[in-house]
Amino acid sequence: MLIKVNNLEKQFSNGEVVTKVLHGVSFNIEKGEFVSIMGPSGSGKSTLMHILGFLDKLSSGEYLFEGEDVSKLTPDELAEKRGKKVGFIFQSFNLLSTLTVLENVTLPLIYSNVKEKDREKIGKDLLERVGLSHRLDYNPNKLSGGEKQRVAIARALVNNPEVIFADEPTGNLDSKSGFQVMKILQDLNEKGNTIILVTHERITAEYAKRIINIKDGLIISDEKVVNRQIAKDNNELLK
Amino acid sequence: MSIFESIKISIQMLLKNKMQSFLTMLGIIIGVMAVVIVMSVGASSQEFILNEVKTIGTDLIGVLPGNSKGAPSSAMGIVNTSLKYEDGEKILNQNNSNIDTLAMYVQGNTKIIAGENDLNISFSGSTENYMIIQKVEIAEGRFYTKEEEKNYSRVVVLGSKVAKDLFGDQSPIGEKVKIKDLSFKVIGVFKEKGSSLTQDQDNSIVVPIKTAQKLLLGIDYINLMRIKVVDESLIDETKEDIRSVLRESHNIDNEDEEDFTINATATALESIEAITNAMTLFLVAVSAISLIVGGFGIMNIMLATVEERISEIGLRKALGAKESQIISQFLIETIVITFLSGLIGIILGIFVSFIIYEVIILLGTNWFFIIPFWSVIFAAFVSIGIGLIFGIAPARKASKLDPIEALRYE
Ligand SMILES: Nc1ncnc2c1ncn2[C@@H]1O[C@H](COP(=O)(O)OP(=O)(O)OP(=O)(O)O)[C@@H](O)[C@H]1O
Ligand SMILES: [Mg+2]
């Protein structure tokens with residue numbers, strides 16, 4: 001079992017005001033799954049993803065990652081998990097404009113103490129896989145949205161993570177670039193990567209094999225996708 | 001992450017924002033520059049003063065008329081007549097083995113005329129050992145003898161500039177000059193010596209002391225006596241010997257009544273060194289304050305930078321950066337800024353010190369260009385230290401940022 005969540009709750013307290021966001025959610029995710037977390041805006045999808053990705057702490061309940069109780073991890077252990085176990089793809093790309101494309105991709109490797117030479121090789125290979133080997137020394141600001149997101153995908157893969165979290169990865173992209181991103185995610189899943197995709201659109205969610213539907217901080221359904229979208233079968237958008 | 005990598009990241013950040021970086025650095029640059037300049041000028045002026053004193057010699061004892069305790073009589077317009085030619089003779093007659101030579105002096109100003117030319121100059125009346133004590137040499141002709149000193153000979157030895165001004169390229173030896181309406185024979189010319197704080201040897205003349213006393217000044221006392229000891233270590237001992245001779249000669253038996261003052265250039269040297277050191281230290285302390293002010297400036301700017309870079313920091317944390325790695329990145333960034341500022345400050349400081357040196361040389365003084373090595377080391381370490389101290393607060397602030405908060409912040 002890769003991820004096991006038991007009655008997870010999350011609330012934010014800003015001084016006097018307490019906002020309850022997750023009201024007790026439970027699910028398991030196995031290695032190799034492709035799961036969409038779907039729900040309307042404000043339902044708590046990103047909040048859930050942040051907790052699963054070691055970026056935020058749960059308020060109550062239980063979260064086991066590879067059988068390990070995440071609440072018991074020290075800040076340094078959490079940082080290590082963020083660096084090595086998970087990769088993030090954000091809606092707004094979150095690339096550093098002070099670094100080149102290649103440096104952005106290899107940034108996580110700096111923190112996991114990989115030597116500069118090895119870093120470069122890993123980064124170049126990944127950029128080749130997302131079709132950007134001709135943009136290594138570009139400033140990310142000069143790339144199109146689709147290209148930026150592919151850089152972010154390469155960065156998410158750089159530490160060979162157990163899970164890739166993608167929070168609305170197509171939200172800022174046109175349909176064609178969005179489609180390309182979904183294709184890469186499906187390819188990765190074919191090769192065995194576990195992928196957790198956060199989205200509010202059913203059509204995007206259906207690229208996954210399973211959809212966890214949440215609303216107002218509660219799971220309202222959790223089922224297999226019947227009519228799955230398969231990117232490589234879509235000849236029109238593949239061109 | 002290696003330190004080298006952190007330094008690389010820091011430099012990238014600095015280059016990205018050149019103008020802001022420069023303004024950040026300005027405070028430290030100016031502070032370090034001030035420290036280097038102050039230390040350089042301090043060391044140079046110390047060297048200058050010491051050099052001046054050393055040209056007189058550190059193995060000399062001076063004897064002046066009047067008691068050094070209480071107000072100096074000369075300042076009150078009183079001429080002290082207590083020291084006589086005979087006092088010097090008495091000291092010499094002791095045959096004190098510590099004493100190498102002794103010279104006595106009277107001083108005055110006069111007009112000197114040679115044919116059509118005339119000059120206003122200062123003159124010394126002195127004894128035959130003048131040249132040894134004053135460390136001057138004869139370029140042409142000779143100095144006067146003991147006989148000439150004793151029998152009021154009207155002979156004169158000219159400074160190199162006086163000879164040149166009066167006689168041009170002609171040799172003045174054997175020529176007559178007029179001093180106070182009396183005719184003197186030129187018997188020698190000194191080698192050029194260059195001017196110093198205390199004396200302009202090249203622009204003065206020397207006549208036998210008795211001649212000066214009787215014919216030029218009309219006095220029976222002397223202004224100064226200088227005694228050269230065999231070795232510097234004997235100075236204190238010899239001072240006491242001289243004191244007892246003079247007390248006996250003047251019938252004095254307690255210190256308060258002494259009508260003479262004995263001093264030594266060696267002790268003067270020590271006090272000058274102490275004074276200039278204290279002065280330099282004071283100025284360094286003043287410029288150090290400007291460095292601290294610069295440090296606070298850097299801290300404020302770094303804190304603002306953390307604010308500006310919240311999303312970057314959040315991203316780095318999301319990608320696996322530990323708190324310690326964020327701290328070291330920001331700390332190193334601050335240190336790189338302060339160290340580079342220090343480096344620029346050192347270079348500018350040396351440059352300005354050199355300009356000061358050039359200007360003073362142009363103005364005709366024998367200045368020195370000294371950059372104390374330790375001042376450079378000191379400035380470099382201080383600037384690194386400032387980065388370390390003032391970088392801690394911003395670095396801690398950055399490391400404590402919550403990755404989510406930071407990622408949300410756009
Ligand atoms: N730090 C916080 N403090 C207070 N409330 C918060 C905080 N973070 C999130 N929330 C609230 O929690 C709720 C869920 O937010 P979340 O970002 O998880 O929604 P979402 O499902 O990802 O929405 P969207 O599709 O718009 O991205 C929202 O109402 C939001 O205002
Ligand atoms: Mg969201």
Side-chain angles (χ1 to χ4, degrees), chain A residues 10 12 14 21 46-51 53-57 74-100 103-116 119 139-141 152 155-159 161 165 167 172, chain B residues 1-21 24 302 305-333 336-337 395-410:
Chain A
K10 175 70 181 176
F12 296 101
N14 293 326
V21 179
S46 297
T47 305
L48 178 58
M49 190 201 90
H50 291 152
I51 292 169
F54 314 105
L55 293 172
D56 209 350
K57 288 193 150 64
T74 64
D76 274 2
E77 286 168 335
L78 286 171
E80 201 150 303
K81 290 257 183 294
R82 288 196 287 265
K84 289 187 175 154
K85 294 289 180 180
V86 300
F88 294 102
I89 303 166
F90 302 101
Q91 178 173 354
S92 49
F93 321 123
N94 290 65
L95 302 174
L96 289 184
S97 59
T98 44
L99 305 179
T100 64
E103 285 166 341
N104 265 286
V105 170
T106 56
L107 189 57
L109 295 175
I110 289 182
Y111 297 117
S112 45
N113 298 314
V114 178
K115 288 206 182 74
E116 187 163 3
R119 290 207 301 262
N139 183 312
N141 285 342
R155 183 179 64 192
L157 292 173
V158 81
N159 262 324
F165 289 102
D167 191 352
N172 281 339
Chain B
M1 179 162 51
S2 69
I3 284 202
F4 178 71
E5 223 131 36
S6 309
I7 293 175
K8 207 170 107 185
I9 294 177
S10 317
I11 291 174
Q12 276 169 344
M13 286 308 200
L14 289 181
L15 290 180
K16 184 102 196 303
N17 261 322
K18 290 192 193 74
M19 193 61 200
Q20 195 199 332
S21 309
T24 312
M302 289 307 289
T305 310
V306 170
E307 208 64 46
E308 273 168 31
R309 288 161 62 186
I310 281 182
S311 62
E312 176 205 327
I313 297 160
L315 178 69
R316 287 182 187 272
K317 290 187 103 176
L319 297 180
K322 293 180 181 154
E323 281 182 18
S324 57
Q325 289 171 318
I326 299 285
I327 287 196
S328 68
Q329 181 193 331
F330 272 79
L331 209 52
I332 287 171
E333 233 170 87
V336 166
I337 291 178
R396 275 187 61 86
K397 185 181 169 195
S399 76
K400 293 291 172 209
L401 284 177
D402 183 1
I404 306 284
E405 288 297 311
L407 277 174
R408 273 185 203 280
Y409 192 99
E410 283 290 324

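Just so you know, these numbers use all the heavy atoms, side chains as well, and skip hydrogens, waters and symmetry mates. Keep in mind the model is a prediction, meaning the values are calculated, not measured.
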Does a donor on one side chain and an acceptor on the other come within less than 3.5 Å for B:Gln325 and B:Gln329?
-> no
Between A:Tyr111 and B:Leu319 the two heavy atoms that sit nearest each other are CD1-O, 4.4 Å
Interface check, chain B: of A:Gly83, A:Ser112, A:Ser46, A:Gly53, most non-hydrogen pairs under 4.5 Å belong to A:Gly83
What part of A:Leu55 is in contact with chain B, defined as an atom under 4.5 angstrom from a non-hydrogen atom: side chain, backbone, both or neither?
-> both
Residues in side-chain hydrogen bond (donor to acceptor under 3.5 Å, both in side chains) with A:Thr98, at least two apart?
-> none
Which region of A:Leu109, side chain (C-beta onward) or backbone (N, CA, C, O), has a non-hydrogen atom less than 4.5 Å from a non-hydrogen atom of chain B, or is it both or neither?
-> neither
Under 3.5 Å, is there a donor-acceptor pair between the A:Thr74 and A:Asp76 side chains?
-> no
Side chain, backbone, both or neither: which part of A:Phe90 has an atom under 4.5 Å from a heavy atom of chain B?
-> side chain
Report yes if the side chains of A:Ser97 and A:Asn139 come closer than 4.5 Å at any heavy-atom pair, otherwise no.
-> yes
Could you check which of A:Lys81, A:Arg119, A:Lys85, A:Lys84 has the highest count of heavy-atom pairs closer than 4.5 Å to chain B?
-> A:Arg119
